[in-house]
Amino acid sequence: MTTGARVLAEMLDGYGVTHLFHVPAVLRRTMVELEKHTSIKRLRPHGEKPAAYMADGYARASGRPGVCAAQVVGAHNLAAGLRDAYLAHSPVIAFTGGRDPHTKFRKVYQEVDDVPAFETVTKMNVTLDAVERIPDMIRQAFRVATTGSPGPVHIQFAGNEGQIDAEEAEMDLHCESQFAQVPAFRPAAADADLIRALDILQRAQRPVLVAGGGVRASGAGPALIQLAERLSIPVATSLNGKDVIPGDHPLSVGVVGSYSRGSANRVVLDADLVCFIGTETGGMTTHFWKVPPIGTRAVQIDIDPEALGRNYPTELAVNADARSALERMLDLATEPVEHADWARLASDHSSNWRAEYSPLLESDQVPIRPERLCAELSDLVPDDGIMVVDTGHAGMWMGGMYDMRAATQSYIRSAGHLGWAFPASLGAKCAQPERPVFCFTGDSGFWYHVAEIETAVRWGINSITVVNNNHSGNQSKRGFDRVYGGKQSEKALEMWVFTEVDFARLAEDIGAVGIRVEKPADLAPAFERALSADRPVVIDVVTDIDALAPLAVE
């Protein structure tokens with residue numbers, strides 16, 4: 001006989017979990033067993049939502065499931081934090097306390113039925129009411145989180161703190177190591193389908209590859225680049241797939257869609273065939289299905305059969321893991337037809353974009369232009385660096401203006417939740433402690449979870465947070481200009497202009513390194529100082545409140 005807590009602790013250890021992000025009090029007995037029998041760190045942030053975001057960042061940086069937990073009263077907050085992981089197909093496993101069968105419907109303190117809140121943001125949402133079910137439920141949680149199109153899982157343990165873990169039973173601690181990493185399976189396509197895909201690509205006059213997060217999750221970047229080079233086909237990416245090809249590669253045209261680079265949208269609009277690989281062809285990647293317009297000839301390769309043809313009628317749909325499909329296509333492409341003239345035209349689009357924006361990318365303006373900030377990051381992030389990026393203007397600036405120089409660099413972005421990036425970057429650093437981790441956010445995003453500076457200091461999570469500080473949420477400016485007839489009143493400005501705050505001083509007061517940058521020439525020294533620091537770093541960059549990210553090319 002053994003306790004559920006001992007089994008749960010040893011199984012998490014067996015699956016390679018290194019951190020558990022939680023807000024007490026939940027699974028108290030398990031927390032003790034984790035301390036006694038494993039090296040798993042029980043990291044406590046300042047809210048359930050950032051706990052979920054940290055587990056999400058951990059999962060995306062490592063490819064291993066991230067684990068978070070909360071007691072019953074915080075469960076809805078944890079569910080809210082899973083929404084980004086669900087949208088981004090990130091393998092996060094959430095544990096919560098739940099209602100005790102003996103006290104249901106009796107108005108127990110803090111008790112609400114939380115299970116429905118998780119239904120729309122998980123692949124699996126279950127209750128665990130018998131301690132002997134812990135082993136098979138944990139195995140199933142890892143299995144579901146890592147297979148097919150990955151995603152979050154929720155297990156509610158009986159008891160407001162999940163105290164069923166203190167009960168005893170005879171249990172099997174067997175772990176399935178295959179499901180400790182994404183992808184757990186690599187389904188392969190039939191050669192006939194891949195030969196046909198190659199034929200369609202080679203017969204097209206102006207084909208383009210659009211690579212998404214599935215290419216990233218599969219580790220298919222090298223095969224994608226090799227195939228593009230062999231066929232002389234330009235590559236655009238979604239935001240989730242931005243790091244599958246270096247920005248300076250001759251065939252890279254940038255991020256396509258709404259938060260994009262103009263050259264990528266122009267190339268995709270000019271294409272006579274789009275091959276989508278590992279992307280759901282959602283609204284952001286296609287600028288609400290205008291880039292390319294529906295009706296453009298399309299081939300789609302995806303591990304999720306439900307994604308195939310969802311938004312674009314396909315000439316060919318291939319259900320397969322991205323890496324297995326692309327590597328096999330390389331084997332089969334024995335006599336490739338080159339598209340050299342088309343590749344040169346795509347390269348011209350990229351050159352023209354860079355010429356158009358180079359005055360801003362190199363600007364010495366004060367307050368600092370965000371384009372210059374992004375260009376400095378492109379030059380200074382180390383070859384093994386991980387960049388974690390918020391949504392909103394942060395996502396627009398970095399999606400369009402930031403380039404990765406090396407295939408060994410990583411890019412992780414919010415799937416739509418402002419404030420996600422800072423706690424997610426802490427989770428990413430926990431997963432990859434030897435790699436430098438950068439967070440890029442605005443002051444509007446940083447305010448959401450600024451308390452996690454203390455978490456980073458307390459746990460020695462030495463990430464580098466770059467705040468694009470224009471004391472505003474100025475992505476809203478265009479919208480308010482429009483509804484106010486072109487010119488806003490002072491009262492209108494109060495809806496998106498904030499108090500001016502020195503985040504560097506705040507960081508120093510909490511125990512981090514704070515660096516405030518007001519001139520472009522000081523950016524490089526600030527980054528160099530941050531990279532040599534032995535504490536968490538906040539770089540507060542004062543930028544132009546009137547600088548708005550470019551709108552998508554249509």
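Just the heavy atoms: all of them, side chains too, but no hydrogens, waters or symmetry mates, feed the values below.
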Beyond-backbone contact of Ile368 with Val542, side-chain heavy atoms, under 4.5 angstrom: no

Given Ser218 and Arg186, is the side chain to side chain donor-acceptor pair (under 3.5 Å) satisfied, shown in steps? CA-CA 8 Å; Ser218 178; Arg186 292 191 181 276; 3.0 Å; yes

Would you mind reporting whether Leu209 and Pro234 have side-chain heavy atoms less than 4.5 Å apart? no

Return yes if a side-chain donor-acceptor contact under 3.5 Å exists between Arg297 and Thr314, otherwise no. no

Which ring-ring contact (aromatic ring centres under 6.0 Å, His included) pairs, counting each pair once, include a residue from residues 221-277, with sequence neighbours left out? Phe276-Tyr312

So how far is it from Met284 CE to Asn240 CG, rounded to the nearest 0.5 Å? 10.0 Å

Heavy-atom closest contact (Phe21 atom, Ala51 atom, distance): CB-O, 3.5 Å

I need the full list of salt bridge (charged side-chain N to carboxylate O under 4.0 Å, His left out) pairs touching residues 242-257, with sequence neighbours left out, sorted by first then second residue. Arg216-Asp243

At what distance, to the nearest 0.5 angstrom, does CG of Asn469 lie from CZ of Phe446? 10.0 Å

From Leu361 CG over to Asp379 CG, what is the distance, rounded to the nearest 0.5 angstrom? 10.0 Å

Between Val256 and Thr237, does a side chain to side chain contact (heavy atoms under 4.5 Å, CB included) hold up when you go through it step by step? CA-CA 6 Å; Val256 68; Thr237 76; over 6 Å; no

salt_bridge(Asp364, Arg372) N-O dist < 4.0 Å: yes

Checking Phe527 now: which residues fulfil ring pair (Phe, Tyr, Trp, His ring centres under 6.0 Å) with it, not counting sequence neighbours? none

Regarding Gln205 and His339, is there a side-chain donor-to-acceptor distance under 3.5 Å anywhere? no

salt_bridge(Glu518, Arg516) N-O dist < 4.0 Å: yes

Closest non-hydrogen atom pair between Ile277 and Ala322, with its separation: CG2-CB, 4.1 Å

Polar side chain donor-acceptor pair, His46 to Glu454, under 3.5 angstrom: yes

Acceptor/donor pairs from residues 546-554 side chains to any protein atom, 3.5 angstrom cut, sequence neighbours excluded:
residue, atom, partner, partner atom, Å
Glu554, OE2, His287, NE2, 2.9
Glu554, OE2, Lys290, NZ, 3.3

Looking only at heavy atoms, what is the nearest atom pair of Gly473 and Phe498, with distance? N-CE1, 3.6 Å

State which residues pass side-chain hydrogen bond (donor to acceptor under 3.5 Å, both in side chains) with Gln409; sequence neighbours excluded, sorted by chain then number. none

Applying ring pair (Phe, Tyr, Trp, His ring centres under 6.0 Å) to Trp353 and not counting sequence neighbours gives Tyr357

Hey, does the side chain of Arg405 reach the backbone of Val381 with a donor-acceptor pair shorter than 3.5 angstrom? yes

What verdict does the side chain to side chain contact (heavy atoms under 4.5 Å, CB included) test give for Glu452 and Met54, after you've listed the backbone C-alpha separation in whole Å, the side-chain angles of each residue and the deciding distance to 0.1 Å? CA-CA 10 Å; Glu452 302 312 329; Met54 290 178 188; 3.6 Å; yes

For the backbone of Leu360 and the side chain of Ser363, can you confirm whether one donor and one acceptor N or O come within less than 3.5 Å of each other? no

Determine whether the side chains of Thr441 and Asp390 contain a donor N or O and an acceptor N or O closer than 3.5 Å. yes

From the list Asp443, Asn474, Asn468, side-chain hydrogen bond (donor to acceptor under 3.5 Å, both in side chains) with Thr543 holds only for Asn468

From CA spacing to verdict: side chain to side chain contact (heavy atoms under 4.5 Å, CB included), Met387, Leu377: CA-CA 9 Å; Met387 177 60 70; Leu377 285 167; 4.1 Å; yes

Between Thr408 and Asp384, is there a side-chain donor-acceptor contact under 3.5 Å, judged purely by atom types and distance? no

May I ask you to decide whether Arg261 forms a salt bridge with Asp403, counting only side-chain N to carboxylate O separations under 4.0 Å? yes

Asp56 and Trp420: side chain donor to acceptor below 3.5 Å: yes

Stepwise, does the side chain to side chain donor-acceptor pair (under 3.5 Å) test hold for Thr281 with Asn311? CA-CA 6 Å; Thr281 65; Asn311 292 314; 3.2 Å; yes

For the residue pair Trp496 / Gln488, report whether a side-chain donor-acceptor contact shorter than 3.5 Å exists. yes

Does a donor on one side chain and an acceptor on the other come within less than 3.5 Å for Thr18 and Tyr58? yes

Could you give the distance from CG (Leu269) to NE2 (His349), rounded to the nearest 0.5 Å? 9.0 Å

Determine the minimum heavy-atom distance between Val450 and Phe422, stating which atoms define it. O-CE2, 4.3 Å

Would Phe503 and Trp447 count as a close aromatic pair, with their ring centres under 6.0 Å? yes

Should we count CZ of Arg505 as having more than 12 external heavy atoms under 6.0 Å? no

Would the distance check show the side chain of Glu376 and the main-chain N or O of Leu523 forming a donor-acceptor pair, the cut-off being under 3.5 Å? no

Under 4.5 Å between any side-chain heavy atoms of Val538 and Val467, yes or no? yes

Sub-4.5 Å side-chain heavy-atom contact between Val253 and Arg266: no

From CZ (Arg435) to CD1 (Ile386), nearest 0.5 Å: 4.0 Å

Flag side-chain contact, heavy atom, 4.5 Å: Cys430 against Leu43: yes

CD-OG distance between Gln202 and Ser232, expressed to the nearest 0.5 angstrom: 10.5 Å

Indicate yes or no: at least one non-hydrogen side-chain atom of Leu273 is less than 4.5 angstrom from one of Leu201. yes

Does any part of the side chain of Asp540, heavy atoms only, come nearer than 4.5 Å to the side chain of Ile515, both counted from C-beta? no

Inspect the contact between Arg413 and Asp84 and indicate whether a charged nitrogen and a carboxylate oxygen are less than 4.0 angstrom apart. no

Yes or no on salt bridge (charged side-chain N to carboxylate O under 4.0 Å, His left out) for Asp481 and Lys477, after CA distance, side-chain angles and deciding distance? CA-CA 6 Å; Asp481 280 349; Lys477 183 179 185 301; 2.8 Å; yes

Nearest heavy atoms of Pro536 and Ile461, plus distance in Å: CG-O, 3.3 Å

Any non-hydrogen side-chain atom of Ser463 less than 4.5 Å from a side-chain atom of Phe438? no

Counting only heavy atoms not in Glu356 (residues, nucleotides, ligands), do more than 12 fall under 6.0 Å from its CD? yes

Nearest heavy-atom approach of Asp272 to Ala204 is OD1-CB, 3.6 Å

Using the rule given for side chain to side chain contact (heavy atoms under 4.5 Å, CB included), can you reason through Val291 versus Thr286, listing the C-alpha separation, both sets of side-chain angles and the distance that settles it, and then say yes or no? CA-CA 5 Å; Val291 184; Thr286 63; 5.5 Å; no

